[in-house]
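Take a look at the structure set out below.
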Amino acid sequence: MTGKAYLVGAGPGGLGLMTIRAREVIESADVILYDQLPGEEILATLPGSAELIDCGKYGGNHTLEQQEIETLMVERVKEGKTVVRLKGGDPFLFGRGGEEMETLREHGIPVEVVPGVTSAIAVPEMVGIPVTHRRYASTVTFITGHEDPAKPESALDWAVLSRLKGTLVILMGVKNLPKIAAVLIEHGKDPSTPVAIIERGLRPDQRVTVGTLADIVDKARAVGVRPPAVIVIGGVVELYGGSNE
Ligand code: SAH
């Protein structure tokens, strides 16, 4: 008797931007593995009838490693359970959902993926910044800022990224922002390129900091920018100032 696994996107925050399919799947779950990214409003509605596993604080203070999360999912499904792995935004965009799918498949476990509204698009959008716009950007590139750009073995080609004319959207980039801004300028990106940092998008304490590649680091430091935040680099930032704020 084998259960089933779902890799579910919770959306960028708030119940309104979660899909109906995600809600249905959550209601049917025996086990839900989650972390804090989906936000309080969503986490407060997880059904008490399910086994709720906080991957950030498992059994007290222990943070589950990726390997442990995958092992737990496999174990529970093999017990015949319906297992939901709930992730902020979309499960496959910088969410390690792809790796979880691979592991589940290796164990012959049926997987359904439930796409989610990604923060990479929705968070800027909700403050009036479209990631593409005919006048400003015909391409958009999603970048993980998690990697130290100074590392020679970095998987990211900053010389190429600096030359792109479209929008750059950086997730997980708060810590490395000083290095990222420096490396982009070093590779020739115009220091006057507009930049917006949107912290805690769609949460009551959302905050937006706007500047240019040249001054954003000082501005971010002055206000004490913290993760989670989406960083948008490009002309589209000029459109900031949506009615949703
Ligand atoms: N799969 C997720 C991204 C996971 S990586 C998605 O599709 O949205 C985690 C990063 O996402 C954070 O470090 C931050 O850069 C971004 N993020 C997710 N939700 C956010 C939110 N509500 N506000 C600001 N940034 C957010």
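Since the structure is predicted, the reported quantities are computational estimates derived from the model, not experimental observations. Order of listing sets the numbers, starting from 1, for every ligand and every atom in it.
Summarising the contacts of atom 22 (N) of ligand 1 with Pro115, Pro12, Gly39, the nearest heavy atom is found in Pro12.
In the vicinity of Pro228, heavy-atom distances shorter than 4.0 Å reach the ligand 1 atoms 12 (C), 14 (C), 24 (C), 25 (N), 26 (C). Heavy-atom proximity to Arg200, at under 4.0 Å, picks out these atoms of ligand 1: 23 (N), 24 (C). Taking a cut-off of under 4.0 Å to the non-hydrogen atoms of Ile198, the atoms of ligand 1 that pass are 24 (C). Heavy-atom proximity to Arg203, at under 4.0 Å, picks out these atoms of ligand 1: 22 (N). Residue contact check: Ser119 has heavy atoms under 4.0 Å from atoms 6 (C), 7 (O), 8 (O), 11 (O), 16 (C), 17 (N), 18 (C), 19 (N), 20 (C), 26 (C) of ligand 1.
Ionic pairing of Glu51 and Arg76 is present here: one or more N-O contacts between side-chain nitrogen and carboxylate oxygen are shorter than 4.0 angstrom. The existence of a salt bridge linking Lys78 and Glu75 is excluded, since no basic side-chain nitrogen approaches an acidic carboxylate oxygen closer than 4.0 Å. Ion pairing between a basic and an acidic side chain is recognised when a charged N comes within 4.0 Å of a carboxylate O; Asp148 and Lys151 show no such pairing. Between Lys87 and Glu100, at least one side-chain N (NZ, or NE/NH1/NH2) sits under 4.0 Å from a carboxylate O, which counts as a salt bridge. Here Glu199 does not pair with Arg226 in a salt bridge; the nearest charged N to carboxylate O distance is not below 4.0 Å.
Nearest protein neighbour of atom 2 (C) of ligand 1, counting heavy atoms only, is Gly88 O, 3.1 Å. Among all protein heavy atoms, the one lying closest to atom 10 (C) of ligand 1 is Met172 CG, 3.7 Å. Taking atom 14 (C) of ligand 1 as the reference point, the nearest protein heavy-atom neighbour is Ala229 O, 3.4 Å. Shortest contact from atom 3 (C) of ligand 1 to any protein heavy atom: Leu93 O, 3.5 Å. The protein non-hydrogen atom at the shortest distance from atom 21 (C) of ligand 1 is Gly201 N, 3.7 Å. Scanning all protein heavy atoms for the shortest distance to atom 5 (S) of ligand 1 gives Phe94 O, 3.5 Å.
For the residue pair Asp215 and Thr212, a side-chain donor N or O sits within less than 3.5 Å of a side-chain acceptor on the partner. Thr45 and Arg23 are linked by a side-chain donor-acceptor pair at a separation below 3.5 angstrom, with hydrogens and angles left out of the test.
On a distance-only criterion, Asp90 and ligand 1 share at least one N/O pair closer than 3.5 Å.
Between the side chain of Asp90 and the backbone N or O of Thr118, no donor-acceptor pair lies under 3.5 Å. Not one N or O on the side chain of Thr132 forms a donor-acceptor pair closer than 3.5 Å with the backbone of Thr139.
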